[in-house]
2 protein chains.
Amino acid sequence: MAKRPADPTNGNVPAAHQVPMRDFSRSLPMSLLRAREAVMRQFRPSLREHGLTEQQWRILRALAAIEAAEVTELARTAFLLGPSLSRILRDLEARNLIERKTAKTDQRRSMVSISKEGVKLMASVAPTSEAIYAEITQRFGARKLAELQEMLGELEQSLAGLGAANEAGAEE
Amino acid sequence: MAKRPADPTNGNVPAAHQVPMRDFSRSLPMSLLRAREAVMRQFRPSLREHGLTEQQWRILRALAAIEAAEVTELARTAFLLGPSLSRILRDLEARNLIERKTAKTDQRRSMVSISKEGVKLMASVAPTSEAIYAEITQRFGARKLAELQEMLGELEQSLAGLGAANEAGAEE
DNA sequence: CGGAGATGCTTAACATGTTAAGTGAATGCG
DNA sequence: CGCATTCACTTAACATGTTAAGCATCTCCG
């Protein structure tokens with residue numbers, strides 16, 4: 001309700017009265033967060049109808065294209081941290097959407113794969129999901145979308161290995 | 001640790017053996033998530049040293065530029081949901097970083113403002129934070145950064161009001 | 001062979017995201 | 001005025017993000 005014209009400058013920025021910093025609403029993390037939320041807002045209702053969260057869906061999608069994967073590999077693919085993945089896999093397994101079996105060569109590793117039920121669920125969600133993506137693509141423009149993704153990739157690349165500098169000289 | 005050349009295609013995509021969908025790693029939400037994480041990874045250590053989380057920092061920044069704000073307004077500015085904000089404000093207040101007092105005209109509203117201590121904390125964090133932002137800007141390119149932000153804003157705009165379609169015809 | 005260290009994964013603990021429900025205060029309307 | 005509705009905010013409940021420990025298993029080197 002009270003849907004204002006979405007003014008990102010907040011209308012009346014009263015000239016930072018204390019600590020001088022960049023305009024808050026224009027920070028890069030904020031822009032990325034807002035953009036992502038705008039996109040995900042489109043998908044969440046559909047996923048919810050199928051009893052899936054965003055992350056569960058990510059995992060199923062990753063598995064559907066990979067046949068079987070180790071947990072660590074899956075974490076990398078679905079871009080989830082180990083602990084999150086661990087919990088989600090436990091739940092998905094309880095719902096019989098995935099299957100798990102320890103590798104024969106290494107008892108530590110476990111191979112995860114999507115189950116028949118999981119595939120069925122995916123098949124029932126995918127059409128809507130694809131339709132939404134198509135709508136987004138059309139609204140924003142396919143060309144621009146490709147450009148945006150390109151820039152995002154470059155951003156990621158340009159920051160890769162920047163945070164690894166704390167391995168030299170930091171005891172604690 | 002086995003830092004591969006960051007191949008987003010996962011190297012060996014075995015032609016989706018079940019449900020056909022876009023290449024997972026190239027979905028827009030994923031690109032946005034990865035980009036944002038790459039950026040935030042740079043800031044988190046510094047914030048952590050000062051005992052602040054990303055969201056707490058967002059709130060302090062928003063408050064520092066606004067003098068005082070209602071909770072709802074603050075939620076919009078810091079892009080947080082009400083419940084999250086409610087919890088965080090409770091904690092920040094307990095740490096004396098913010099102050100709160102109910103509005104005289106409307107007992108429901110409460111005005112939030114940053115405290116003297118909060119300002120001090122901000123002042124101690126801001127320099128590092130700005131330095132990191134400058135480094136990111138330099139690495140990625142100021143021009144490109146502006147372009148990226150522009151596109152992100154357009155994306156947000158083009159999706160605004162798309163999710164509001166469920167107000168017509170949906171009883172439950 | 002054996003034990004120290006590395007590895008793969010899980011648990012734990014705390015903070016936030018997300019949705020729904022609850023609570024007290026203000027509004028509007030008969 | 002009375003009372004249902006709306007509003008601003010908080011609580012609750014569950015899922016994930018994030019960091020640190022814990023626990024087997026595996027590797028490697030003496």
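Lettering of chains follows the sequences in order, A, B, ..., and the numbering in each one begins at 1.
- Comparing D:dT16, D:dC26, C:dT18 by their nearest atom to the side chain of A:S84 picks out D:dT16.
- Not a single donor-acceptor pair under 3.5 Å links the side chain of B:E99 to the backbone N or O of B:I114.
- Using a cutoff of 4.0 Å between basic side-chain nitrogens and carboxylate oxygens, A:R109 and A:E73 are not scored as salt-bridged.
- Rounding to whole angstrom units, CD of residue B:E37 and C1' of D:dT19 are separated by 13 Å.
- The side chain of A:R48 places an N or O atom within less than 4.0 Å of a non-bridging phosphate oxygen (OP1 or OP2) of C:dA20.
- Across D:dC26, D:dT16, C:dC9, the shortest atom-to-atom separation from the side chain of A:D106 is found for D:dC26.
- Remark: the backbone N or O of B:L63 is not paired with any side-chain donor or acceptor of B:E67 at under 3.5 angstrom.
- Between B:R90 and A:R58, the residue anchored nearer the 5' end of DNA chain D, judged by the nucleotide with its closest heavy atom, is B:R90.
- For C:dT10, the OP1/OP2 oxygens have a side-chain nitrogen or oxygen of A:R100 closer than 4.0 Å.
- The side chain of B:T72 lies closest to D:dA8 when the candidates are D:dA8, D:dG17, C:dG8.
- Considering only the side chain of B:S86, D:dT10 comes nearest among C:dT19, D:dT10, C:dG17.
- Looking at heavy-atom distances under 4.0 Å, B:T53 makes contact with sugar-phosphate atoms alone, never a base.
- Heavy-atom nearest nucleotides on DNA chain D were determined for A:K104 and for B:R109, and the one closer to the 5' end corresponds to B:R109.
- Closest contact between the side chain of A:L80 and the listed nucleotides D:dC26, C:dA26, D:dG17 involves D:dG17.
- Counting distance only, with no hydrogens placed and no angle test, the side-chain atoms of B:R108 and the base atoms of D:dC9 include no donor-acceptor pair under 3.5 Å.
- At a threshold of 4.0 angstrom between heavy atoms, the contacts of A:L85 with the nucleic acid are absent.
- Taking the side chain of A:Q56 as heavy atoms from C-beta on, and the options D:dT19, C:dT10, D:dT16, the nearest nucleotide is D:dT16.
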| Pair A:E147-A:R143, salt bridge (Lys or Arg N to Asp or Glu O under 4.0 Å): steps then yes or no | CA-CA 6 Å; A:E147 269 183 61; A:R143 170 78 53 97; 5.7 Å; no
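- The residue among B:P83 and B:Q55 whose nearest nucleotide of DNA chain C lies closer to the 5′ end is B:Q55.
- Using a 4.0 Å heavy-atom criterion, one finds that B:R87 contacts the bases of the nucleic acid, with or without backbone contacts as well.
- Set against D:dA13, C:dC9, D:dT19, the side chain of A:L81 has D:dT19 as its closest nucleotide.
- B:S124 places a side-chain N or O within 3.5 Å of a backbone atom of B:L121 that can act as its donor or acceptor partner.
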